[in-house]
Asker: 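Below: one structure in structure tokens.
Computation of the quantities below employed the complete heavy-atom set of this structure, encompassing side-chain atoms and omitting hydrogens, waters and symmetry-equivalent molecules.
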Amino acid sequence: MAITDLETVKLHIDSGVARIVLNRPDALNAWTRQLGEDIRSALDQAAEDPDVRAIVLTGAGRAFSSGADLKSGAELGADGKIDVRSRLSAVYNPLILGIRTVPKPVIAQVNGPAVGIGCSLALAADLIIAAESAYFLLAFVNIGLGLDGGASQSLPSRVGHARAFEMALLGERIPAAKALEWGMINRVVPEDQLEEAVAELTARFVAGPPGSYANIKRTINRRLYAGFDELLELETELQQGRVESADFMEAVLAFAQKREAKFTGA
């Protein structure tokens, strides 16, 4: 077994399987720029290793990922304004695109809440296996933001128009059982069987034909993810506008003060 400990991620490679573990359990694996960079680095290592036949994404502790870390502080641009564009363009978008284009099956092992960009990460995977206690939440709208992390494409490709708009516009939790019913995810298992269920799948991929998996992924991507890179760019530009809005600032302040946000449309 090869183990690589990055600052916020652990990468385990063993018997043809790369396990990428988001490792900020005390923060429920909330996203920072460093976390995004570390996931991308781990993904690149797994992609380049010819012995790796399958990749697993999961979280340490009781969460898959709670989304953006609003407590870590925002990055500012040269103009003094909040800058989300550089983080999305340089780190998050290439990571999400890399998950879709790596010619190996990627499984999201969702062990708890998958929220915001954490939900987008799970949706980018090829297969999603979730614990019964897990839930999925595109919380962007709750803090005055639009979608990012490719969810504008990965979500409707999984669940269709009606459910995609319901999940994105209402910003409500979708429990694992409901996500399975919607066709958003592939399997739901008891918490104590999650590791075993994922291990069974990865064993099949390790023993199977890697060239077939690569071609299948490439052709399905052509059908469902055509123009994905342009969509990521659009999400980024629109999200930059949202973080400069008064509604977003109000949402962040309300979060800090533990109260309901009062949106004005500004």
Asker: Testing the basics here: between Leu147 and Ala168, what is the closest heavy-atom pair and its distance to 0.1 Å?
Answerer: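 In this case the closest contact between Leu147 and Ala168 is CD1-CB, 4.0 Å.
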Asker: Without swapping roles, check the side chain of Ser89 against the backbone of Ser86 for a donor-acceptor pair under 3.5 Å.
Answerer: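 No; zero donor-acceptor contacts below 3.5 Å.
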Asker: Tell me whether Val17 is reachable from Val189 by hopping between hydrophobic residues (I, L, V, M, F, W, Y) whose side-chain heavy atoms are closer than 4.5 Å.
Answerer: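 Yes, one cluster joins them.
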Asker: Rounded to the nearest 0.5 Å, what's the gap from OG on Ser120 to CG on Leu138? Could you check?
Answerer: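 Going from the OG atom of Ser120 to the CG atom of Leu138 covers 6.0 Å.
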Asker: Is the shortest heavy-atom distance from the side chain of Leu6 to the side chain of Leu11 under 4.5 Å?
Answerer: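 They are not in side-chain contact.
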Asker: Out of curiosity, does Val198 fall in the hydrophobic cluster containing Leu121 (side-chain heavy atoms, cut-off under 4.5 Å, transitive links)?
Answerer: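 Leu121 does not cluster with Val198.
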Asker: For the side chain of Glu250 and the backbone of Phe263, is there at least one donor-acceptor N/O pair under 3.5 Å apart?
Answerer: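 Judged by distance alone, no pair lies under 3.5 Å.
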Asker: Taking the side chain as everything from C-beta on, heavy atoms only, tell me whether Ile128 gets closer than 4.5 Å to Leu123.
Answerer: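 Touching, per the 4.5 Å side-chain cut-off.
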Asker: Using a 3.5 Å distance criterion without hydrogens, assess whether the side chain of Glu191 forms a donor-acceptor pair with backbone atoms of Ser133.
Answerer: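 Indeed, once roles are kept as given, a pair shorter than 3.5 Å links the two residues.
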Asker: Working to the nearest 0.5 angstrom, can you tell me the gap between Leu137 CG and Asn142 CG?
Answerer: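 With rounding to 0.5 Å, CG (Leu137) is 6.5 Å from CG (Asn142).
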Asker: Which heavy atom of Trp31 sits nearest a heavy atom of Gly36, and at what distance?
Answerer: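 Looking at all heavy atoms of both residues, the closest pair is CZ3-CA, 4.1 Å.
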Asker: Ignoring hydrogens and geometry, is there a side-chain-to-backbone donor-acceptor pair from Asn23 to Ala60 under 3.5 Å?
Answerer: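 No: the side chain of Asn23 does not pair with the backbone of Ala60.
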Asker: Inspect the surroundings of CZ in Arg223 and state if more than 12 heavy atoms from other residues, nucleotides or ligands are less than 6.0 Å away.
Answerer: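 Not buried by this count: 12 neighbours or fewer within 6.0 Å.
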Asker: Quick one: pull up CD1 in Ile99 and CD1 in Ile39 and give me the separation to the nearest 0.5 Å.
Answerer: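 Going from the CD1 atom of Ile99 to the CD1 atom of Ile39 covers 7.5 Å.
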Asker: Determine, step by step, whether Phe228 and Ser154 satisfy the side chain to side chain contact (heavy atoms under 4.5 Å, CB included) criterion, reporting the C-alpha distance in whole Å, the side-chain angles of both residues, the deciding distance to 0.1 Å, and the verdict.
Answerer: CA-CA 9 Å; Phe228 193 39; Ser154 58; 5.5 Å; no
Asker: Can you tell me how far the OG1 atom of Thr202 sits from the CD1 atom of Ile55, to the nearest 0.5 Å?
Answerer: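 Answer for the OG1-CD1 pair, Thr202 versus Ile55, is 12.0 Å.
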Asker: Do Thr236 and Asp148 have side chains that get closer than 4.5 Å, going by heavy atoms?
Answerer: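 No, their side chains stay 4.5 Å or more apart.
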Asker: Considering residues, nucleotides and ligands other than Glu260, do more than 12 of their heavy atoms fall under 6.0 Å from its CD?
Answerer: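 Open.
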Asker: Can you hop from Val91 to Val106 via hydrophobic side chains spaced under 4.5 Å?
Answerer: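 As far as the 4.5 Å side-chain criterion goes, Val106 and Val91 are connected within one cluster.
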Asker: Hey, does the side chain of Ser41 reach the backbone of Glu37 with a donor-acceptor pair shorter than 3.5 angstrom?
Answerer: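 Flag not set: sc Ser41 to bb Glu37 has no pair under 3.5 Å.
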Asker: How close do Pro113 and Ala63 get, counting heavy atoms only, and between which atoms?
Answerer: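 Of all heavy-atom pairs spanning Pro113 and Ala63, the closest is CD-CA, 3.8 Å.
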Asker: Which atoms form the tightest heavy-atom contact between Ala176 and Ala130, and what is the distance?
Answerer: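 Heavy atoms only, the tightest pair is CB-CB, 4.2 Å.
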Asker: Enumerate the residue pairs fulfilling salt bridge (charged side-chain N to carboxylate O under 4.0 Å, His left out) with a member in residues 153-170, sequence neighbours excluded, ordered by first and then second residue.
Answerer: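 Qualifying pairs, neighbours excluded: none.
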Asker: At their closest point, which heavy atom of Phe64 faces which heavy atom of Thr58, and how far apart are they?
Answerer: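 Nearest heavy atoms, Phe64 then Thr58: CE1-CA, 3.7 Å.
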Asker: According to the interplanar angle, ranging from 0 to 90°, do the rings of His161 and Phe165 count as parallel (below 30°), tilted (30 to 60°) or perpendicular (above 60°)?
Answerer: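 His161 and Phe165: tilted rings.
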Asker: Out of Asp38, Asn29, Asp69, which residue meets the side-chain hydrogen bond (donor to acceptor under 3.5 Å, both in side chains) rule with Arg24?
Answerer: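 Testing each of Asp38, Asn29, Asp69 against Arg24, the sole residue satisfying side-chain hydrogen bond (donor to acceptor under 3.5 Å, both in side chains) is Asp69.
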Asker: Identify the heavy atoms of Leu127 and Phe205 that sit nearest to each other, and give their distance.
Answerer: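 Where Leu127 meets Phe205 most closely, the heavy atoms are CD1-CZ, 3.8 Å.
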Asker: Are Val110 and Ile107 grouped together when hydrophobic residues (ILVMFWY) are joined by side-chain heavy atoms under 4.5 angstrom apart?
Answerer: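 In one cluster with Val110: Ile107, no.
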Asker: Quick one: which of Asp5, Ile20, Leu22 gives a side-chain contact (heavy atoms from CB on, under 4.5 Å) with Lys10?
Answerer: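 When Asp5, Ile20, Leu22 are each tested with Lys10, the side-chain contact (heavy atoms from CB on, under 4.5 Å) holds only for Asp5.
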Asker: When rounded to the nearest 0.5 angstrom, what distance separates SG in Cys119 from CE in Met184?
Answerer: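 These two atoms lie 6.5 Å from each other.
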Asker: Are Glu195 and Arg19 within salt-bridge range, i.e. N to O under 4.0 Å?
Answerer: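 Judged by the 4.0 Å cut-off on N to carboxylate O distance, Glu195 and Arg19 do form a salt bridge.
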Asker: Tell me whether the count of non-hydrogen atoms from other residues, nucleotides or ligands lying under 6.0 Å of CZ in Arg242 goes above 12.
Answerer: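 Counting neighbours around CZ of Arg242, more than 12 heavy atoms of other residues, nucleotides or ligands fall under 6.0 Å, so yes.
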Asker: Using atom types as modelled and distance alone, determine if a side-chain donor or acceptor of Asn186 lies under 3.5 Å from a backbone N or O of Ile129.
Answerer: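 Here the side-chain-to-backbone pair does not exist.
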Asker: Return yes if some donor-acceptor pair links the side-chain N/O of Arg218 with the main-chain N/O of Pro103 below 3.5 Å, else return no.
Answerer: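 Such a contact is absent between Arg218 side chain and Pro103 backbone.
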Asker: Could you tell me whether the side chain of Lys217 and the main chain of Val102 form a donor-acceptor pair under 3.5 Å?
Answerer: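 A pair under 3.5 Å: yes.
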Asker: Measuring only between side-chain heavy atoms, which start at C-beta, is Ile82 closer than 4.5 Å to Met249?
Answerer: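 Heavy-atom side-chain distance check passes, below 4.5 Å.
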Asker: Quick check: is Ile117 connected to Ile174 through a chain of hydrophobic side chains (ILVMFWY, heavy atoms under 4.5 Å apart)?
Answerer: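 Yes, it is one cluster - the side chains of Ile174 and Ile117 are joined through contacts under 4.5 Å.
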Asker: Are the side chain of Gln153 and the backbone of Leu232 linked by a donor-acceptor contact shorter than 3.5 Å?
Answerer: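 Side chain of Gln153 to backbone of Leu232: no pair is present.
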Asker: Rounded to the nearest 0.5 Å, how far does CG of Leu145 lie from CD of Gln239?
Answerer: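 The CD atom of Gln239 sits 4.5 Å away from the CG atom of Leu145.
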Asker: Side-chain atoms of residues 42-50: list all donor-acceptor pairs with protein atoms under 3.5 Å, sequence neighbours left out, distances to 0.1 Å.
Answerer:
residue : atom : partner : partner atom : Å
Asp49   : OD1  : Asp51   : N            : 2.8

Asker: Test side chain to side chain contact (heavy atoms under 4.5 Å, CB included) on Gln240 and Glu244 and set out the steps.
Answerer: CA-CA 7 Å; Gln240 180 60 41; Glu244 295 175 6; 2.9 Å; yes
Asker: Within a 6.0 Å radius of atom CZ on Arg173, are there more than 12 heavy atoms belonging to other residues, nucleotides or ligands?
Answerer: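 No, CZ of Arg173 has 12 or fewer neighbouring heavy atoms, counting only those of other groups under 6.0 Å.
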Asker: Suppose we screen for ring pair (Phe, Tyr, Trp, His ring centres under 6.0 Å). Which residues come up paired with Phe255, at least two apart in sequence or across chains?
Answerer: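 So Phe255 forms no ring pair (Phe, Tyr, Trp, His ring centres under 6.0 Å) with any residue.
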Asker: Would Glu237 and Arg85 satisfy side chain to side chain contact (heavy atoms under 4.5 Å, CB included), going step by step from the backbone distance to the final call?
Answerer: CA-CA 7 Å; Glu237 291 307 309; Arg85 181 185 289 111; 3.1 Å; yes
Asker: Quick one: does Met167's side chain get under 4.5 Å of Leu155's, heavy atoms only?
Answerer: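 Yes, close enough: below the 4.5 Å cut-off.
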Asker: Using side-chain heavy atoms (C-beta onward) and a distance below 4.5 Å, is Arg62 in contact with Leu28?
Answerer: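 Arg62 vs Leu28: side chains touch.
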Asker: Report the C-alpha distance between Asp126 and Arg100 in whole Å, list the side-chain angles of each, state the deciding distance to 0.1 Å, and finish with yes or no for side chain to side chain contact (heavy atoms under 4.5 Å, CB included).
Answerer: CA-CA 8 Å; Asp126 302 311; Arg100 290 300 335 132; 2.8 Å; yes
